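The analysis underlying the following values was restricted to heavy atoms, covering all of them including side chains, and did not include hydrogens, waters or symmetry mates. The model shown is predicted, which means the values in this text are computed figures rather than measured ones.
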Amino acid sequence: MIKPDGSPVRVLVVDDEASLAELMSMTLRYEGWEVRSAVDGAGAVSSAREFRPDAIVLDMMLPDMDGISVLGRLREELPRVPVLFLTAKDAVEDRIAGLTAGGDDFVTKPFGLEEVVARLRGLIRRSGTAAVRSESTLVVGDLTLDEDSHDVTRAGQPVHLTATEFELLRFLMRNPRRVLSKAQILDRVWSYDFGGQANVVELYISYLRRKIDAGRPPMIHTRRGAGYLIKPGE
């Protein structure tokens, strides 16, 4: 997903929880988007004025003002920019207020980072800001993955994956020949506050290997002490 002039989509992430903001920013950069972050409402308005984002991820609870107030000030600068609110799990009134005030969508904490990406893609697509990538298929060697239909094949043979296996494989295939650490994989595939141990990554890598590499030249490789990568089978 790129803009018609070929430049990357710009996203502003606003959250006072620094670790979460960094995780979201890293995830969006993996999409090829340009990202800036702010930790409070005043910083959000200032960054928006300078950065001119194509979409904004905005926490409802900020230290200096609430998300509704921030949205009002942002709309003065960027009246049509789509805004994705982050709300607390049980704060139904926040969601209603945010959408009533002109927010475009919301996700509730805790959330999976893939959900944030998917919601932003939808908002940006509907806003007409970016050109949608015409090809939804990822290809690494003889392995293909269709991000729209969720069909996966290797050497033309279908591979049946669970939802989590699919997200893990998609993350690997979006970064071919790149070593991804267990921490990066946990952050991207599981919820940011998953709280699980890194051995869940090892477990799901083993599941993928059984389904993708069994009886074929291996594509998923371990780099001891560093992480995992995918590359064409040799």
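- A donor and an acceptor atom, one from each side chain of T144 and T153, are located under 3.5 Å apart.
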Can you give me every donor-acceptor pair (side chain of residues 63-74, partner residue at least two apart or in another chain, under 3.5 Å) with its distance?
unit_1, atom_1, unit_2, atom_2, d
D64, OD1, G41, N, 2.8
D64, OD2, G41, N, 3.2
D64, OD2, A42, N, 3.0
D66, OD1, I68, N, 3.0
D66, OD1, S69, N, 2.8
D66, OD1, S69, OG, 3.2

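- Under 3.5 Å, the side chains of R209 and T222 contain a donor-acceptor pair of N or O atoms.
- The side chain to side chain contact (heavy atoms under 4.5 Å, CB included) check on S46 picks up nothing, with sequence neighbours excluded.
- Here E34 does not pair with R29 in a salt bridge; the nearest charged N to carboxylate O distance is not below 4.0 Å.
- Looking at S206, its side chain does come within 3.5 Å of a backbone N or O of L203 through a donor-acceptor pair.
- Considering only heavy atoms from C-beta on, L86 stays 4.5 Å or farther from L58 through its side chain.
- When side chains are defined from C-beta on, V57 does not count as touching D15, because their heavy atoms never get closer than 4.5 Å.
- In this structure a side-chain-to-backbone donor-acceptor pair under 3.5 Å is missing from R223 to V179.
- In this structure, L12 CG and E50 CD are separated by 10.5 Å, a value rounded to the nearest 0.5 Å.
- A single hydrophobic cluster is not seen to contain both M219 and L229; linkage of ILVMFWY side chains at heavy-atom distances under 4.5 Å, directly or through other members, places them apart.
- In terms of heavy atoms, W33 sits closest to V117 at CH2-O, 4.3 Å.
- Side-chain contact between M173 and L143: present, with at least one pair of heavy atoms (C-beta onward) separated by less than 4.5 Å.
- The side-chain heavy atoms of L180 and Y228, taken from C-beta on, include no pair separated by under 4.5 Å.
- With contacts defined as side-chain heavy-atom distances shorter than 4.5 Å, the pair E17/M61 does not qualify.
- Q157 meets the side chain to side chain donor-acceptor pair (under 3.5 Å) test with no other residue; sequence neighbours excluded.
- Contact check for R10 versus R36: no side-chain heavy atoms found under the 4.5 Å cut-off.
- Across every non-hydrogen atom of R177 and P232, the tightest pair is NH2-CD, 3.5 Å.
- Nearest heavy atoms, V81 versus P53: CG2-O, 3.5 Å.
- Applying the salt bridge (Lys or Arg N to Asp or Glu O under 4.0 Å) rule to pairs touching residues 149-172 yields E114-R170, D142-R154, E147-R170, R154-D213, E165-K211, E167-R170, sequence neighbours excluded.
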Step by step, would you call D16 with D59 a side-chain contact (heavy atoms from CB on, under 4.5 Å)?
CA-CA 8 Å; D16 64 334; D59 191 6; 3.8 Å; yes

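- To the nearest 0.5 Å, atoms CZ (F85) and CG (D104) are separated by 9.0 Å.
- Closest approach of S37 and S47 over heavy atoms only: O-OG, 4.4 Å.
- One distance of note links CD of E115 with CG of L84; it measures 8.5 Å at 0.5 Å rounding.
- When hydrophobic clusters are built by joining Ile, Leu, Val, Met, Phe, Trp and Tyr residues whose side-chain heavy atoms come closer than 4.5 Å, directly or via intermediates, V11 is grouped together with M26.
- Among residues two or more places apart in sequence or in another chain, the salt bridge (Lys or Arg N to Asp or Glu O under 4.0 Å) test is passed with R49 by E77.
- Distance check: L208 CG to I220 CD1 gives 4.5 Å after rounding to the nearest 0.5 Å.
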Does the side-chain contact (heavy atoms from CB on, under 4.5 Å) test come out yes or no for T87 and K109, once each step is laid out?
CA-CA 6 Å; T87 67; K109 295 181 178 181; over 6 Å; no

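- Note on V13 and V39: separate hydrophobic clusters, where clusters join Ile, Leu, Val, Met, Phe, Trp and Tyr whose side-chain heavy atoms are under 4.5 Å apart, directly or indirectly.
- Checking side-chain atoms of N175 against main-chain N and O of R178 turns up no donor-acceptor pair under 3.5 Å.
- Heavy-atom minimum distance, K182 versus V201: O-CG2, 3.9 Å.
- Here ring-ring contact (aromatic ring centres under 6.0 Å, His included) pairs that include residues 39-60, with residues two or more places apart or in two chains, number zero.
- The structure places OH of Y207 at 16.0 Å from CG of L169, a figure rounded to the nearest 0.5 Å.
- Across all their heavy atoms, A55 and L120 have their closest contact at CB-CD2, 4.0 Å.
- By the 30° and 60° cut-offs, the orientation of the rings of F171 relative to Y30 is perpendicular.
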